**Q** 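Mind looking over this structure? Questions follow.
Just so you know, these numbers come straight off a predicted model, no measurement behind them.
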Amino acid sequence: MIEIDGTSYETKFNYRFYQRVVDNYSTKEQDGFTRLFGELVDANPDALVNGYRYAIDAKTLPSTEVVAEALADSGIYDAEDPFADMFKQIKTNGFLALKLKGLMNIEKSGLKRAQEMLSIIKKNKDATEEDIKGAQNQLQMVELQYKSLEKRLKDLNK
């Protein structure tokens, strides 16, 4: 529940929320839900403002500035882990939980592809030490990113 200008708005993390995020928060490089997920994982306050804004159960949404002020007034920013609180609300919806699982599967696939690429390069007779080292570095980077994401998700699930 968010109170704005004396009116209480219920927040619902459901398919309508998802559609709003995709329609209004996407960039050329990234769909809105993936973007919001990344911001939650990175503990970016924009995720809170935009997430709660798109979850407001109203036909017309208030501006981000008004939502940001309402969140400040309600003390959400002062909560122990407001990002985990929002993440848990998102996960309670079956559709959104599946979307989150799909995003994690994409990350796992990236890790697997990097491992396979290194294996292929090592087996290639024409591969140079530089090729192998490059693939090893790429794999290390992907592994670090994946482990970091796993750790943050574990924190968000507490």
**Q** With Tyr54, which residues qualify under ring-ring contact (aromatic ring centres under 6.0 Å, His included), at least two apart?
**A**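 Checked Tyr54 against ring-ring contact (aromatic ring centres under 6.0 Å, His included); zero matches.
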**Q** Quick check: do Tyr15 and Lys99 have side-chain heavy atoms less than 4.5 Å from each other?
**A**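 When only atoms from C-beta onward are counted, Lys99 and Tyr15 do not touch, as no gap falls below 4.5 Å.
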**Q** Partners of Phe17 by ring-ring contact (aromatic ring centres under 6.0 Å, His included), sequence neighbours excluded?
**A**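 Partners of Phe17 by the ring-ring contact (aromatic ring centres under 6.0 Å, His included) criterion, ordered by chain and then number, come out as Phe13.
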**Q** Do you know the tightest heavy-atom contact between Arg16 and Lys59?
**A**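 That would be NH2-CA, 3.7 Å.
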**Q** A side-chain contact here means heavy atoms from C-beta on lying under 4.5 Å apart; do Gln136 and Lys122 qualify?
**A**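 Counting from C-beta outward, Gln136 and Lys122 do come under 4.5 Å.
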**Q** Taking Arg35 first and then Glu39, would you say they form a salt bridge - that is, a charged N and a carboxylate O separated by under 4.0 Å?
**A**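 So Arg35 pairs with Glu39 through a salt bridge.
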**Q** Just by modelled atom types, is the Asn44 backbone N or O under 3.5 Å from a matching donor or acceptor in the Asp42 side chain?
**A**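 No.
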**Q** Just so I know, are the side chains of Met1 and Tyr9 near enough to count as touching, which here means a heavy-atom distance under 4.5 Å?
**A**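 No; the side chains remain at least 4.5 Å from each other.
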**Q** Between Ile132 and Met141, is there shared hydrophobic-cluster membership here, with clusters defined by ILVMFWY side-chain heavy atoms closer than 4.5 Å?
**A**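 No, because Ile132 and Met141 fall into different hydrophobic clusters, even though each may have its own neighbours under 4.5 Å.
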**Q** Of all residues at least two apart in sequence or in a different chain, which pass the ring-ring contact (aromatic ring centres under 6.0 Å, His included) check with Tyr77?
**A**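 Result, ring-ring contact (aromatic ring centres under 6.0 Å, His included) vs Tyr77: none returned.
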**Q** Atom CG in Asn14, atom CG in Asp57: separation rounded to 0.5 Å?
**A**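 Here the rounded value is 7.5 Å.
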**Q** In terms of the angle between their ring planes, are Phe87 and Phe37 parallel, tilted or perpendicular, with boundaries placed at 30° and 60°?
**A**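 Plane angle between 30° and 60°, so tilted.
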**Q** Taking the side chain as every heavy atom from C-beta outward, state whether Val67 and Asn50 have any atom pair closer than 4.5 Å.
**A**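 No. Closest side-chain heavy atoms not under 4.5 Å.
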**Q** Which pair of heavy atoms, one from Leu61 and one from Ala58, lies closest together, and at what distance?
**A**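 Where Leu61 meets Ala58 most closely, the heavy atoms are CD2-O, 4.2 Å.
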**Q** Hey, any chance Ile90 and Ile106 share a hydrophobic cluster, counting ILVMFWY side chains that come within less than 4.5 Å of each other, even indirectly?
**A**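 Both belong to a single hydrophobic cluster.
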**Q** Taking the side chain as every heavy atom from C-beta outward, state whether Pro62 and Ile56 have any atom pair closer than 4.5 Å.
**A**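 Yes, side chains in contact.
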**Q** Could you check whether any side-chain heavy atom of Glu3 comes within less than 4.5 Å of a side-chain heavy atom of Asp73, counting everything from C-beta outward?
**A**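 Side chain of Glu3 against side chain of Asp73, heavy atoms only: no contact under 4.5 Å found.
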**Q** Restricting to non-hydrogen atoms, name the atom on Gln30 and the atom on Thr34 that form the minimum distance, rounded to 0.1 Å.
**A**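 For Gln30 versus Thr34, the nearest heavy atoms are NE2-CG2, 3.6 Å.
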**Q** Answer whether the closest heavy-atom distance between the side chains of Asn105 and Lys101 falls below 4.5 Å.
**A**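 Yes, at least one pair of side-chain atoms sits under 4.5 Å.
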